[in-house]
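Numbered from 1 within each chain, the chains take letters A, B, ... in sequence-line order.
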Number of protein chains: 4
Amino acid sequence: MPKITQQQKEAVRSDILKAARSVFIEKGYEAASMKDIVARSGRSFGGVYLYYSNKEDVFLDLLRRQFEDMAENFAPDKPMSAWEAFERFLGEQEKRAREAVGGLAPCMFEYLIVGRRDANRRSLIEERHRAVYGSMFALVQDGLRRGEFQPSKSVETFVHWLVSFLDGIFLESIMTGAERIELAGQFELLLSVCRSILMPLGKEESK
Amino acid sequence: MPKITQQQKEAVRSDILKAARSVFIEKGYEAASMKDIVARSGRSFGGVYLYYSNKEDVFLDLLRRQFEDMAENFAPDKPMSAWEAFERFLGEQEKRAREAVGGLAPCMFEYLIVGRRDANRRSLIEERHRAVYGSMFALVQDGLRRGEFQPSKSVETFVHWLVSFLDGIFLESIMTGAERIELAGQFELLLSVCRSILMPLGKEESK
Amino acid sequence: MPKITQQQKEAVRSDILKAARSVFIEKGYEAASMKDIVARSGRSFGGVYLYYSNKEDVFLDLLRRQFEDMAENFAPDKPMSAWEAFERFLGEQEKRAREAVGGLAPCMFEYLIVGRRDANRRSLIEERHRAVYGSMFALVQDGLRRGEFQPSKSVETFVHWLVSFLDGIFLESIMTGAERIELAGQFELLLSVCRSILMPLGKEESK
Amino acid sequence: MPKITQQQKEAVRSDILKAARSVFIEKGYEAASMKDIVARSGRSFGGVYLYYSNKEDVFLDLLRRQFEDMAENFAPDKPMSAWEAFERFLGEQEKRAREAVGGLAPCMFEYLIVGRRDANRRSLIEERHRAVYGSMFALVQDGLRRGEFQPSKSVETFVHWLVSFLDGIFLESIMTGAERIELAGQFELLLSVCRSILMPLGKEESK
DNA sequence: AATGAATGAGGATTCATTCAT
DNA sequence: CATGAATGAATCCTCATTCAT
C-alpha cells in the first residue's frame with residue numbers, strides 16, 4: 001500500500017515536468033542537464049529519479065502530455081463545413097508555428113533528429129507522423145464523404161504533401177523566424193492552393 | 001618551403017573528411033566523438049588536430065564542401081526554358097531528398113537545430129536560408145524576365161513557401177523515409193501546383 | 001536540508017586539502033595534477049570537483065587557510081615592549097623560513113612567479129605584499145607611538161627593506177637550504193641592524 | 001668533417017637563443033612552448049632540435065651566456081677603493097633589479113623554483129649561489145686585505161645576508177614592481193647599513 | 001519516500017619530441 | 001644538414017546515475 005496516493009504522485013510528476021519544460025525550452029534537449037531540472041524543480045536528484053528514470057523519460061512524458069493536450073483542443077466544438085474545419089485546422093497550425101519558437105517544439109525536433117537512429121525514438125517519430133497524417137486525412141475524408149471535396153489528386157499524396165509543408169514551415173519558423181519567412185503569407189498561399197486541389201470546380205468563396 | 005604540397009595537404013584533409021563524414025553519418029553530429037574520427041581516419045589525435053581544431057571545425061569544412069559541390073552541379077549546362085530549369089531544379093531536389101537519409105543532411109539539421117541558440121550556427125542557418133531562397137528566387141525571376149511566368153501570387157511569398165516545403169520534405173524523408181511519404185508523388189503534386197501558380201494562364205503541358 | 005552538515009563538508013574539504021597539500025609539496029604546483037590529488041585523497045574526480053572546481057581553486061583555498069592560521073598565531077598573547085614584539089616577530093619568521101622547504105611556501109612562490117602575468121595572481125601577490133608590509137609596519141608604528149623607536153630612516157623604506165630581506169631569506173632557504181645560508185646568523189645580524197636603525201640612541205642590550 | 005663550420009653553428013645557436021629569449025621573456029618559462037621558439041626563430045622543429053635537445057637545453061644555454069656576459073661586465077675597469085667597488089657593485093645590482101621585470105631574471109626564478117626538486121636544476125641553483133656569494137665575498141675580502149673594512153660581524157654571515165637581501169629585492173621588484181617597493185630608498189638604506197657593518201669606526205662620508 | 005554526496009567513464013585538447021623525406 | 005608532419009600520452013573537466021542514509 002503506497003504511502004502517497006496516486007493523486008499526490010501525479011502532482012509531483014506535474015511539478016517536475018513544469019520545471020523540466022522550462023529548462024528544456026531554455027536550453028534545448030541536449031544542453032539541458034538533469035542537474036538543471038533537479039535544481040529548477042526545487043527537488044533532489046533522488047526525488048526526480050524516483051519518478052523518472054532518466055532525462056529521456058522526463059522528456060517523453062512531457063511530449064506525451066503535450067500531444068494529449070493538443071488532441072483535446074482539436075475536437076471541433078461547433079458544426080461546420082469540411083472546408084471550414086480544414087481552414088480552422090490550418091489556422092491552428094499557423095498559430096502553433098508562430099508560437100513554436102518559445103515552446104517545446106524545437107526541443108522535440110532536436111530530440112527526434114538527434115536520436116533518429118534510436119529504435120524508441122524512431123517509433124515515436126512514426127507515431128507522431130501517423131497522428132498528424134491521420135488527423136489531416138480524417139479532415140479530408142470528411143469532406144469527401146460529405147461531397148464537399150472533389151480532389152483532383154490522390155488524397156494520400158495530398159495529405160503527405162500537406163504534412164511535409166507543415167513540418168517545413170515549423171522548422172523554418174523555429175530556425176529563421178516567423179516574420180522573416182512571411183508565415184502569414186505562406187499560409188494564405190497554402191490555403192488557396194489547398195482549395196483549388198480539394199475543390200477544383202468550386203466557386204471561389206470569399207475568404 | 002612546406003614539406004608537403006598544398007595538394008597533399010588537401011589530400012589529407014579530404015582523407016580526414018572522408019572518415020569524419022562516415023562517422024557523422026553513422027553516429028550523428030552529437031554522438032560522434034573526435035576519438036571516432038581519429039580512429040576511423042587511421043591517424044593520431046595530433047594528426048587530426050593539425051588540420052582541424054575541433055569537431056565543429058571538421059564538420060563545418062564538410063558542410064562547406066558539400067555546399068560547393070552542390071553549387072557546382074547546379075549550373076544548367078544547356079539552354080532551356082525557365083520552366084524547364086525550374087522543373088530540373090525540383091527534380092534535383094527530389095533526388096537529394098531521396099538520398100538524404102544516408103547523407104550528411106540529417107547531421108546538418110541536427111547541428112543547426114541543436115545549436116539554434118548559438119550565434120555562429122544561427123548565422124550559418126541564415127546563410128543557408130539565403131542561399132536556398134536566393135537560388136530559387138533567381139529561377140523564378142528568370143522566368144519573369146523572359147515573360148514565361150505570370151505568377152498570380154507574390155513571388156517572395158511563393159519562394160518562401162517553396163523553401164518551407166522543400167525543408168519539410170527533406171525532414172520527412174530523413175525521419176520517416178522517402179517511400180513512406182510518397183516522395184515522388186509529392187514532387188509531382190508540387191510541380192503541378194507550382195505550374196498553376198507561375199503560369200496560371202498557360203496551356204497545360206503534358207508532363 | 002543538506003545531507004551532510006557544514007562540519008562534515010568542512011571535514012571533507014580539509015581531507016581533500018590534506019591530500020592536495022602533500023601532493024603540492026611533493027611535486028610542486030605545476031607538476032601536480034588533479035589526478036594526483038584525486039588519487040591521494042582516496043576520492044573520485046567527481047568527489048573532488050564537488051568541492052573544488054579546479055587545481056587552482058584547491059590551491060587558493062590551501063593558501064587562504066595557511067594565511068589565516070598565520071594571522072591567528074601572530075596575535076601577541078602577553079604584554080611586551082614594542083622591541084620584544086619585533087624580536088618575537090623576527091623569531092617567528094626565522095622559524096617559518098627554516099620550515100619553509102618542507103611546506104607550502106615553495107609552491108606559493110612557484111604559483112606566484114609562474115603566474116606573474118595573470119591578473120588574479122597579481123592581485124594575490126599584492127594582497128600578500130600588503131599583508132606582510134602591513135603587519136610589519138604596525139609593529140614599527142607601535143614602537144613609535146610608545147616612544148621606544150626613534151628610527152633614523154624613513155619608516156616606509158625601512159619596512160620595505162625588511163620585507164625584501166624576509167622574502168629573500170625565504171627564497172634562499174627554499175632553494176639553497178637553511179643551514180647552508182647560515183639562517184640563524186643572518187637573523188642575528190638582521191636583528192642587530194634593525195635595533196640600530198629603530199633605536200639608534202639606545203644603549204646596547206646584551207642579546 | 002662537418003659541413004658547416006663551428007662559427008656558422010655558433011651563429012645559428014645565437015640566432016635561436018635570441019628568439020627563445022624573447023619568447024621566454026614574453027611568456028615565461030613554463031608557458032613558452034617549443035613551437036613558439038621554433039616559430040619566432042623562423043626555423044623548423046628539426047632545425048632547433050638539431051642544436052638543442054629540448055626546451056630546458058635552450059634555456060640553460062641562454063642562462064649560461066647571460067652569466068658569462070654578467071661576469072665580463074663585472075671586472076672593475078679603473079682603480080678604486082674597496083668601498084667604492086662595493087658601492088659600484090650595489091649600484092649595479094640596483095640597476096639590474098630595476099630592469100629585472102623585462103628581462104630573463106623572472107624566467108630564471110621561475111625555472112629554478114619550479115624545478116627545485118630536479119637534481120640538475122639544484123646544481124644550477126648551487127652554482128649560481130656560489131657565484132653570487134663568491135663575487136661578493138671577494139669584494140669584502142679585498143677590503144679586508146686593504147685594511148679598509150673592519151667588519152664587526154662574521155664576514156661569511158654578512159655576505160650570506162647580503163645575498164639574501166639582493167635575492168629578495170629582485171623578487172620583490174619582479175613581483176611587486178620597483179617603484180612600489182621604493183627600490184632606490186632600499187638600496188640607500190642597505191648601503192648605509194653595509195657601511196656601518198664593514199667600517200664601523202669610519203667617519204661618515206657624505207653620500 | 002526522499003535526499004544529495006559520490007562515482008567514474010568518457011570526451012576534448014595540447015605539446016614535447018621523433019623520424020621519414 | 002634541415003624539414004615539419006605526425007605522434008600519442010597526459011591532462012582537465014562534466015554529468016548521468018547510483019546508493020547509503
Side-chain angles (χ1 to χ4, degrees), chain A residues 2-4 8-9 12 30-39 42-58, chain B residues 1-5 8-9 12 16 30-39 41-58, chain C residues 1-5 8-9 12 16 30-39 41-57, chain D residues 1-4 8-9 12 30-39 42-58:
Chain A
K3 277 186 183 148
I4 65 171
Q8 286 172 303
K9 216 161 179 169
V12 174
E30 289 295 317
S33 75
M34 274 306 246
K35 197 180 172 187
D36 295 323
I37 296 173
V38 163
R43 288 169 188 278
S44 64
F45 276 92
V48 172
Y49 273 91
L50 211 55
Y51 292 88
Y52 295 104
S53 55
N54 49 46
K55 188 166 86 166
E56 189 164 13
D57 196 15
V58 176
Chain B
M1 183 180 2
K3 198 160 196 175
I4 64 172
T5 66
Q8 283 172 302
K9 210 162 183 168
V12 175
I16 293 171
E30 288 296 316
S33 74
M34 273 308 245
K35 197 179 173 185
D36 296 323
I37 297 173
V38 163
S41 72
R43 285 164 194 278
S44 64
F45 272 91
V48 172
Y49 274 92
L50 207 56
Y51 291 87
Y52 294 103
S53 55
N54 50 46
K55 188 168 84 167
E56 190 165 11
D57 196 17
V58 176
Chain C
M1 184 178 7
K3 198 159 194 176
I4 64 172
T5 65
Q8 284 172 301
K9 210 162 184 169
V12 174
I16 292 171
E30 288 296 315
S33 75
M34 272 309 243
K35 198 179 172 186
D36 296 324
I37 296 174
V38 163
S41 72
R43 286 164 193 279
S44 63
F45 270 91
V48 171
Y49 274 91
L50 209 55
Y51 291 88
Y52 294 103
S53 54
N54 50 46
K55 188 168 85 167
E56 189 164 12
D57 197 15
Chain D
M1 178 178 24
K3 275 182 184 152
I4 64 170
Q8 284 172 304
K9 214 161 182 169
V12 174
E30 288 295 316
S33 76
M34 273 307 247
K35 199 180 171 186
D36 296 322
I37 296 173
V38 163
R43 287 167 189 278
S44 65
F45 276 93
V48 171
Y49 273 91
L50 211 57
Y51 292 88
Y52 295 104
S53 55
N54 50 44
K55 188 166 86 165
E56 189 164 10
D57 196 15
V58 177

Whole-Å gap separating [atom2] ([N]) and [atom1] ([X]):
| X | N | atom1 | atom2 | answer |
| --- | --- | --- | --- | --- |
| E30(D) | dT11(F) | CD | C1' | 14 Å |
| Q8(C) | dT21(F) | CD | P | 11 Å |
| M34(C) | dT13(E) | CE | P | 20 Å |
| K35(C) | dA9(F) | NZ | P | 12 Å |
| D36(B) | dT13(E) | CG | P | 14 Å |

Along DNA chain F (nearest heavy atom to each residue), the more 5'-positioned of K9(B) and S33(C) =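 Nearest-nucleotide comparison on DNA chain F picks K9(B).
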
CG-CZ distance between L50(D) and F45(D), expressed to the nearest 0.5 angstrom =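 One gets 14.5 Å once the value is rounded to the nearest 0.5 Å.
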
Closest heavy-atom contact between Y52(B) and V58(B)?
->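 For Y52(B) and V58(B), the tightest heavy-atom pair comes out as CB-CG2, 3.4 Å.
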
Heavy atoms only: give me the nearest V48(B)-S41(B) pair and the separation to one decimal.
->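 In this case the closest contact between V48(B) and S41(B) is CG2-OG, 3.8 Å.
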
Give the nucleotide from the list dT17(F), dC13(F), dC1(F) with an atom nearest to the side chain of F45(C).
->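 Among dT17(F), dC13(F), dC1(F), the one nearest the side chain of F45(C) is dC13(F).
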
So, is R43(C) close to the dA6(E) phosphate, meaning a side-chain N or O under 4.0 Å from OP1 or OP2?
->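 Looking at the OP1 and OP2 atoms of dA6(E), one of them is under 4.0 Å from a side-chain N or O of R43(C).
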
Kindly say if S44(B) contacts the phosphate of dG8(F), meaning a side-chain N or O under 4.0 Å from OP1 or OP2.
->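 Result: no.
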
List, one per line, each side-chain donor-acceptor pair under 3.5 Å for residues 32-39 of chain C, sequence neighbours excluded.
{"from": "S33(C)", "atom 1": "OG", "to": "K35(C)", "atom 2": "N", "distance (Å)": "3.3"}
{"from": "S33(C)", "atom 1": "OG", "to": "D36(C)", "atom 2": "N", "distance (Å)": "3.2"}
{"from": "S33(C)", "atom 1": "OG", "to": "D36(C)", "atom 2": "OD2", "distance (Å)": "3.2"}
{"from": "D36(C)", "atom 1": "OD2", "to": "K27(C)", "atom 2": "NZ", "distance (Å)": "3.4"}
{"from": "D36(C)", "atom 1": "OD2", "to": "S33(C)", "atom 2": "N", "distance (Å)": "3.0"}

Set of side-chain hydrogen bond (donor to acceptor under 3.5 Å, both in side chains) partners for N54(C), sequence neighbours left out |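 side-chain hydrogen bond (donor to acceptor under 3.5 Å, both in side chains) check on N54(C) returns nothing, list empty.
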
Under the side-chain hydrogen bond (donor to acceptor under 3.5 Å, both in side chains) test, residues paired with S44(A) that sit two or more places apart =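 Here no residue qualifies.
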
Does a side-chain heavy-atom distance below 4.5 Å link V12(A) with R43(A)?
->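 In contact.
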
Which residues, if any, of residues 46-57 of chain C bring a heavy atom under 4.0 Å of DNA chain F?
->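 DNA chain F contact set from residues 46-57 of chain C: G46(C), Y49(C), N54(C).
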
Which ranges of DNA chain E pair up as stems, where a stem means three or more consecutive Watson-Crick or G-U pairs with both distances under 3.5 Å?
->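 So the stems come out as E:2-21 with F:2-21.
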
Could you list all the salt bridge (charged side-chain N to carboxylate O under 4.0 Å, His left out) pairs where at least one residue sits in residues 46-55 of chain C, not counting sequence neighbours?
->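 Not a single pair qualifies under salt bridge (charged side-chain N to carboxylate O under 4.0 Å, His left out).
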
